[in-house]
S.K.: 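Sharing a structure below in structure tokens format, with a few things to ask.
Reckoned from all heavy atoms, side chains included, excluding hydrogens, waters and symmetry mates. Model, not experiment: these values are computed from the prediction.
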Amino acid sequence: MATTRSAHTVWEGNLFQGNGVVSFDSSGSIAQQPVTWASRAEEANGKTSPEELIAAAHSSCYSMAFSNILDKAGTPPTRLTTSADVTFQPGEGITGIHITVEGTVPGLSEEDFLARAEEAKVGCPVSQALKAVPITLSAKLT
């Protein structure tokens, strides 16, 4: 069964002096978040950006995909800690994403952990949606 999740943004003013508020309509579990050009292209200063939202989506999706791959291989993880760093270059756009994952997976070799981490990077639905952008990976078995 397909699912659709929704969010919306209300923006006021021009790009450089204006501001917006992002609302998470589907879950309502995240408070409205302010967003500005400065929070995107300079310092966050307590506001979010499209790139931070992409990083959140990518890190959570990757964790789910990797967990599933490990479980199907008979080595479910005890813990995965995943971060995603999305680089934005004004005038160019999103120029890269780097995923870092550390995992505790009893009974799994470092080599198999790295191979399955790469498999998750390629197969994660968010990675698939973002494959126009270079995605790199650092993985470590703990």
Side-chain angles (χ1 to χ4, degrees), residues 1-12 15-142:
M1 172 173 49
T3 60
T4 301
R5 302 293 184 253
S6 302
H8 77 274
T9 300
V10 175
W11 186 268
E12 296 178 347
L15 175 61
F16 298 109
Q17 286 82 38
N19 62 77
V21 176
V22 179
S23 297
F24 300 85
D25 301 332
S26 299
S27 68
S29 63
I30 301 171
Q32 291 183 326
Q33 296 296 309
V35 62
T36 64
W37 173 256
S39 69
R40 183 177 198 183
E42 299 167 16
E43 293 297 319
N45 291 322
K47 297 174 180 71
T48 195
S49 69
E51 291 71 29
E52 183 178 40
L53 298 170
I54 290 170
H58 207 171
S59 67
S60 60
C61 183
Y62 178 88
S63 293
M64 289 185 228
F66 194 17
S67 175
N68 190 45
I69 287 168
L70 292 167
D71 188 48
K72 284 183 175 181
T75 54
T78 302
R79 181 183 185 104
L80 297 173
T81 302
T82 306
S83 63
D85 299 308
V86 177
T87 302
F88 173 73
Q89 178 64 46
E92 292 181 44
I94 295 173
T95 57
I97 300 170
H98 184 74
I99 299 169
T100 303
V101 63
E102 291 187 2
T104 304
V105 187
L108 191 66
S109 71
E110 183 80 21
E111 182 180 336
D112 286 342
F113 182 81
L114 296 174
R116 292 192 176 109
E118 184 64 31
E119 182 183 345
K121 181 191 89 166
V122 172
C124 160
V126 172
S127 292
Q128 289 292 308
L130 300 172
K131 61 185 169 184
V133 176
I135 301 171
T136 56
L137 173 70
S138 297
K140 179 181 172 186
L141 188 60
T142 56

S.K.: Please check this pair: side chain of Thr142 against backbone of Gly103, looking for a donor-acceptor N/O pair closer than 3.5 Å.
M.R.: yes

S.K.: Of all residues at least two apart in sequence or in a different chain, which pass the side-chain contact (heavy atoms from CB on, under 4.5 Å) check with Ser26?
M.R.: Arg5, Ser6

S.K.: So, using side chain to side chain donor-acceptor pair (under 3.5 Å) as the criterion, who are the partners of Asn45 when residues are at least two apart?
M.R.: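 Listed in chain order: nothing, the list is empty.
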
S.K.: Kindly write out the residues that satisfy side chain to side chain donor-acceptor pair (under 3.5 Å) with Gln33, not counting sequence neighbours, or none if the list is empty.
M.R.: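 For Gln33 there are no side chain to side chain donor-acceptor pair (under 3.5 Å) partners, ignoring immediate neighbours.
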
S.K.: Could you work out, with side chain to side chain donor-acceptor pair (under 3.5 Å) as the rule, every residue matching Lys131, not counting sequence neighbours?
M.R.: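 Partners of Lys131 under the side chain to side chain donor-acceptor pair (under 3.5 Å) test: Gln128.
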
S.K.: Please list, one pair per line, the donor and acceptor atoms closer than 3.5 Å that link side chains of residues 107-116 to other protein atoms, with sequence neighbours excluded.
M.R.:
{"residue": "Ser109", "atom": "OG", "partner": "Asp112", "partner atom": "N", "Å": "3.1"}
{"residue": "Ser109", "atom": "OG", "partner": "Asp112", "partner atom": "OD2", "Å": "3.4"}

S.K.: Side-chain atoms of residues 77-84: list all donor-acceptor pairs with protein atoms under 3.5 Å, sequence neighbours left out, distances to 0.1 Å.
M.R.:
{"residue": "Thr82", "atom": "OG1", "partner": "Ser63", "partner atom": "OG", "Å": "2.8"}

S.K.: Could you pull out all residues at least two apart from Glu118 that satisfy salt bridge (Lys or Arg N to Asp or Glu O under 4.0 Å)?
M.R.: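 Salt bridge (Lys or Arg N to Asp or Glu O under 4.0 Å) check on Glu118 returns Lys121.
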
S.K.: With salt bridge (charged side-chain N to carboxylate O under 4.0 Å, His left out) as the rule and sequence neighbours excluded, what pairs involving residues 39-56 come up?
M.R.: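 Sorted result for residues 39-56: Arg40-Glu51.
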
S.K.: Looking at every non-hydrogen atom in both residues, tell me the closest pair between Trp11 and Val35 and how far apart they are.
M.R.: CZ3-O, 3.5 Å

S.K.: Tyr62: which residues meet the ring pair (Phe, Tyr, Trp, His ring centres under 6.0 Å) condition with it, sequence neighbours left out?
M.R.: Phe66

S.K.: If the condition is side chain to side chain donor-acceptor pair (under 3.5 Å), which residues does Thr4 pass it with, not counting sequence neighbours?
M.R.: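 Partners of Thr4 under the side chain to side chain donor-acceptor pair (under 3.5 Å) test: none.
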
S.K.: Enumerate the salt bridge (charged side-chain N to carboxylate O under 4.0 Å, His left out) contacts for residues 83-98, please, sequence neighbours excluded, ordered by first and then second residue.
M.R.: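 Every pair satisfying salt bridge (charged side-chain N to carboxylate O under 4.0 Å, His left out) with a residue in residues 83-98: there are none.
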
S.K.: Using ring pair (Phe, Tyr, Trp, His ring centres under 6.0 Å) as the criterion, list what pairs up with Phe88, not counting sequence neighbours.
M.R.: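 In terms of ring pair (Phe, Tyr, Trp, His ring centres under 6.0 Å), with neighbours along the sequence ignored, Phe88 is linked to Trp37.
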
